[in-house]
Enquirer: 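What follows is a single structure, and I will ask about it in a moment.
Order of the sequence lines sets the chain letters (A, B, ...), proteins ahead of strands, with each chain counted from 1. Just so you know, these numbers use all the heavy atoms, side chains as well, and skip hydrogens, waters and symmetry mates.
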There are 2 protein chains.
Amino acid sequence: MATIRDVAKKAGVAISTVSLAMNGTGPVSAETLKRVLEASEAVGYKPNVLAQSLKRGHSKLIGLVLGDIGNPFFSRLLRVVDSILSDTDHMVIVVETASHAERERATLDQLRRHRVGGILMAPMTNDPNFAAFLRKLDMPVVLIDQNVDGANLDFVSSDNALATTMLTEYLIRMGHRRIAFIGGDPRQWTAALRRQGFRDAMAASSLPVEPAMEIVADFSGEKAYDQVVRLLSLPQRPTALVTASNLMALGALQAINDLGFSCPQEISLTGVDDVPWSNVLKPRLTIAAQPVEELARVAANFLIERMTHRGGVSLPPRTHIAIPKLVIGTSCAPPNT
Amino acid sequence: MATIRDVAKKAGVAISTVSLAMNGTGPVSAETLKRVLEASEAVGYKPNVLAQSLKRGHSKLIGLVLGDIGNPFFSRLLRVVDSILSDTDHMVIVVETASHAERERATLDQLRRHRVGGILMAPMTNDPNFAAFLRKLDMPVVLIDQNVDGANLDFVSSDNALATTMLTEYLIRMGHRRIAFIGGDPRQWTAALRRQGFRDAMAASSLPVEPAMEIVADFSGEKAYDQVVRLLSLPQRPTALVTASNLMALGALQAINDLGFSCPQEISLTGVDDVPWSNVLKPRLTIAAQPVEELARVAANFLIERMTHRGGVSLPPRTHIAIPKLVIGTSCAPPNT
DNA sequence: TTGATTGATCGAACCGTTTCGACTACGAAT
DNA sequence: ATTCGTAGTCGAAACGGTTCGATCAATCAA
């Protein structure tokens with residue numbers, strides 16, 4: 001691999017001059033510039049990013065820490081982030097923490113050792129210890145989707161409470177009264193808010209929320225499937241379901257199908273977050289879609305600002321909350337009583 | 001950020017001794033080891049990976065170059081690769097080339113500047129120039145899914161011809177004779193093989209393949225949708241469809257639905273490659289599933305071997321072809337004539 | 001007693017850049 | 001004529017590690 005020394009020797013100038021010439025920093029005569037460029041071309045010089053980064057103090061890599069890459073929400077996020085950051089010559093290191101809390105800290109430590117320029121993270125844990133850990137990290141970090149109380153970092157998300165409120169109100173307007181909610185672990189930021197949004201909507205219409213109708217699963221599909229099977233076997237089963245994620249909605253739909261119920265005739269189903277190719281699903285799900293592109297864009301830009309502005313780490317944290325969009329499908333119908 | 005110097009000073013030993021102690025390379029007395037470890041802990045020392053990599057000549061990062069992160073095939077691949085490589089302390093840089101041929105070269109160049117330890121790639125292009133480019137790269141590279149003729153690199157894929165042959169034979173056994181094939185650009189390795197597998201199966205049963213029944217789209221869903229709409233509007237429309245990818249199958253299904261046909265009663269549908277949550281799709285697709293986990297695992301291990309063995313770059317290239325699995329769904333039925 | 005071996009430690013060179021301060025020439029200002 | 005500013009170039013010092021060879025004391029064989 002040709003180094004800057006080879007170029008310097010070939011061009012008959014000092015190493016520093018090559019650096020000045022190639023980066024356009026510092027004055028270089030047209031003559032030397034030409035010679036350097038030719039020499040560089042001749043020896044096939046490619047700057048060693050490692051050396052550049054070492055000198056600079058940090059690399060032009062950014063870490064993207066996600067819980068579940070299989071979730072289309074996150075893979076779409078990755079795509080947009082990757083595309084935006086490539087414009088500023090950054091590359092993205094992706095790590096899946098598989099919802100393991102301890103892996104999150106280890107991952108962040110590892111990224112720090114790598115001296116990444118910044119971190120984009122959808123945290124899974126939300127406890128004070130982790131918040132302290134994040135604060136001590138002392139590098140540009142932007143949180144997406146899930147916040148960490150007390151971390152005091154940039155945060156980008158959609159209005160999670162509004163999402164379930166929209167769905168619940170939609171079902172109520174349609175005539176449903178026995179509505180069940182299948183949510184995630186309420187210790188998670190978004191899970192708690194989505195449950196709250198459901199409760200608020202029910203309360204606003206003076207509808208009771210029986211404990212049996214408010215179920216804790218996780219954002220994956222499997223657990224939701226089991227819970228919905230249980231739910232639909234109750235003597236007093238709900239007429240409509242609000243699920244807290246896309247994968248849960250799919251799990252619920254499968255449970256409905258497998259038990260021989262029909263959706264939407266017997267059970268109405270709604271969910272948060274888009275499902276790819278939802279249009280080939282039958283029925284098409286009625287969902288509160290998060291504007292993933294917007295979230296990714298804003299988050300990436302927050303991060304870029306923090307990385308480029310000197311002292312950007314200590315800028316006051318900003319928050320961006322996007323508004324979800326109700327997408328009406330064919331998975332809801334008035335209750336048939 | 002504490003450096004090795006800080007540790008050395010705190011422990012009262014030489015820099016080199018700290019290095020020896022921390023890495024377990026070279027003999028260190030129990031006494032010094034203890035002092036170094038304590039000092040390291042006290043100052044909060046985290047080795048600078050950039051410096052280590054610079055010295056070593058390459059980083060412990062590997063590049064994963066994919067055409068389309070949104071495709072579940074690739075996101076599953078990413079997940080497995082990420083998990084396997086993290087065991088050897090590697091991290092993964094993900095780049096989406098969005099099927100842009102020129103972006104592939106640029107991306108590879110960029111990864112080379114970053115001195116990544118190796119590259120895992122699902123190439124989109126397959127031409128002699130690109131093969132030459134890959135050969136000149138002179139670093140550990142493993143190709144997944146799509147091969148590049150003449151590149152002479154490790155290659156991991158499933159038997160693409162067998163996949164469509166299985167599907168076509170299945171349809172033929174069911175009684176279908178007018179079977180259409182919707183494939184990708186045959187300049188792509190897998191697309192060509194999948195078409196070949198279809199042709200072979202048809203020929204083996206002495207069934208004719210009319211040009212109108214063999215359609216070129218791309219692996220995305222949109223184009224397949226358009227083409228299927230056209231196909232089903234023909235006076236002599238096919239009774240069964242073999243699509244060459246998961247996204248295409250979904251696009252085809254949507255087209256069938258939108259035109260008011262019923263699947264499988266009027267049109268049978270099959271596809272290559274799994275669709276996540278295919279079990280909630282109605283009908284459930286009959287597909288030839290690629291063993292993604294196996295592909296990812298083998299590819300990652302090929303790469304690890306090449307990276308760890310010294311001179312691994314010049315090892316003779318290996319090939320691993322996995323066998324796809326026919327997964328029967330409810331999207332096929334005998335033709336109703 | 002001497003020479004060889006070994007364990008523990010150290011200093012210095014090196015990886016490939018960037019960048020700071022110094023130096024030279026040369027035209028402009030005084 | 002002398003000073004000043006500046007364009008152009010250079011050498012050397014970083015950045016933060018690893019590693020090679022040297023040093024030195026202690027152990028051991030002859």
Enquirer: Calculate, to the nearest 0.5 Å, the distance between atoms CG and CG belonging to B:L120 and B:L85 respectively.
Expert: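 B:L120 CG to B:L85 CG: 7.0 Å, rounded to 0.5 Å.
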Enquirer: Just the rounded figure in Å: distance from C1' of C:dT17 to NE2 of A:H58.
Expert: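 Computing the A:H58:NE2 to C:dT17:C1' distance gives 15 Å.
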Enquirer: Expressed in angstrom and rounded to an integer, what is the separation of B:H114 atom NE2 from C:dT17 atom C1'?
Expert: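 Computing the B:H114:NE2 to C:dT17:C1' distance gives 14 Å.
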Enquirer: Looking only at side-chain N and O atoms, does B:S83 offer a donor or acceptor that is under 3.5 Å from a partner on B:S86?
Expert: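 No, because no side-chain N or O of B:S86 sits under 3.5 Å from a partner of the opposite role on B:S83.
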Enquirer: So, does the side chain of B:R5 form a donor-acceptor pair with the base of D:dG16 at under 3.5 Å?
Expert: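 Indeed there is one.
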Enquirer: Take atom CZ of A:R112 and atom C1' of D:dG16, then tell me their distance rounded to the nearest Å.
Expert: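 Value for this atom pair: 15 Å.
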Enquirer: Taking only side-chain nitrogens and oxygens of B:T32, does any of them come within less than 4.0 Å of OP1 or OP2 of C:dA8?
Expert: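 Answer is no, no contact under 4.0 Å.
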Enquirer: Please check if any side-chain donor atom of B:S157 sits under 3.5 Å from a side-chain acceptor atom of B:Q146, or the reverse.
Expert: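 No, because no side-chain N or O of B:S157 sits under 3.5 Å from a partner of the opposite role on B:Q146.
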Enquirer: Please state how far atom CD in B:E31 lies from atom P in C:dA8, giving the value in whole angstrom units.
Expert: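 About 12 Å, once rounded to whole Å.
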Enquirer: May I have the distance from A:L20 (atom CG) to D:dA7 (atom P), rounded to whole angstrom?
Expert: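 Spelled out: CG on A:L20 to P on D:dA7 is 13 Å.
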Enquirer: Whole Å only: how far is the CE atom of A:M22 from the P atom of C:dT18?
Expert: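 Going from CE in A:M22 over to P in C:dT18 covers 9 Å.
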Enquirer: Using a 4.0 Å heavy-atom cut-off, does B:S19 contact any base of the nucleic acid, only the sugar-phosphate backbone, or nothing at all?
Expert: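 Base contact.
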Enquirer: Using five pairs at either end of the helix from C:dT1-D:dA30 to C:dT30-D:dA1, determine the angle between the two local helix axes and round it to 10 degrees.
Expert: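 Inter-axis angle at the ends, rounded: 50°.
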Enquirer: Any idea which of D:dT18, C:dC10, D:dT9 is nearest the B:I15 side chain?
Expert: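 Looking only at side-chain atoms, B:I15 lies closest to D:dT18.
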Enquirer: Hey, does A:T25 reach any base, or is it just sugar-phosphate, or nothing, if we go heavy atoms under 4.0 Å?
Expert: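 Here A:T25 touches no strand at all.
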Enquirer: Between the base of C:dT17 and the side chain of A:K55, is there any donor-acceptor pair under 3.5 Å?
Expert: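 No such pair is found, so the answer is no.
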Enquirer: Does NZ or CZ of B:R318 come closer than 6.0 Å to the centre of the six-membered ring of B:F302, within 45° of the ring's axis?
Expert: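 Output yes; distance and angle both within limits.
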Enquirer: Report yes if at least one side-chain N or O of A:T17 is closer than 4.0 Å to OP1 or OP2 of D:dC10; otherwise report no.
Expert: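 Checking A:T17 against D:dC10: at least one side-chain N or O falls below 4.0 Å of OP1 or OP2.
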Enquirer: Is it true that A:N23 and A:T25 share a donor-acceptor pair across their side chains at a distance under 3.5 Å?
Expert: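 Note: A:T25 and A:N23 side chains miss the donor-acceptor criterion.
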Enquirer: Measure from NZ or CZ of B:R105 to the centre of the six-membered ring of B:F130, then state whether that distance is under 6.0 Å and the direction lies within 45° of the axis.
Expert: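 Ring-cation test returns no.
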Enquirer: Could you give all pairs that pass the side chain to side chain donor-acceptor pair (under 3.5 Å) test and reach residues 43-52 of chain A, with sequence neighbours left out?
Expert: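 Checked against side chain to side chain donor-acceptor pair (under 3.5 Å) - neighbours excluded - the pairs reaching residues 43-52 of chain A are A:K46-B:D109.
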Enquirer: Looking for any heavy atom pair under 4.0 Å, which part of the strands does A:S16 touch: base, sugar-phosphate only, or nothing?
Expert: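 The answer is base, as A:S16 lies within the cut-off (heavy atoms under 4.0 Å) of a base atom.
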Enquirer: Between A:S19 and A:S16, is there a side-chain donor-acceptor contact under 3.5 Å, judged purely by atom types and distance?
Expert: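 Distance-only check fails for A:S16 and A:S19.
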Enquirer: Give a yes or no on whether B:E41 atom CD has more than 12 heavy-atom contacts from other residues, nucleotides or ligands under 6.0 Å away.
Expert: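 No.
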Enquirer: Please work out which residues in residues 41-53 of chain A have a non-hydrogen atom less than 4.0 Å from an atom of DNA chain C and list them by number.
Expert: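 DNA chain C contact set from residues 41-53 of chain A: A:Y45, A:K46, A:P47, A:N48, A:A51, A:Q52.
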Enquirer: Could you give the CZ-to-C1' distance, from A:R113 to D:dG16, as a whole number of Å?
Expert: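 From A:R113 CZ to D:dG16 C1': 15 Å.
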Enquirer: Without hydrogens or angle criteria, can the side chains of B:N126 and B:N147 be said to hold a donor-acceptor pair below 3.5 Å?
Expert: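 Their side chains do not contain a donor-acceptor pair, so the 3.5 Å distance test is not met.
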Enquirer: Rounded to whole Å, please give me the gap between CZ in A:R115 and P in D:dC15.
Expert: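 Between P of D:dC15 and CZ of A:R115: 13 Å.
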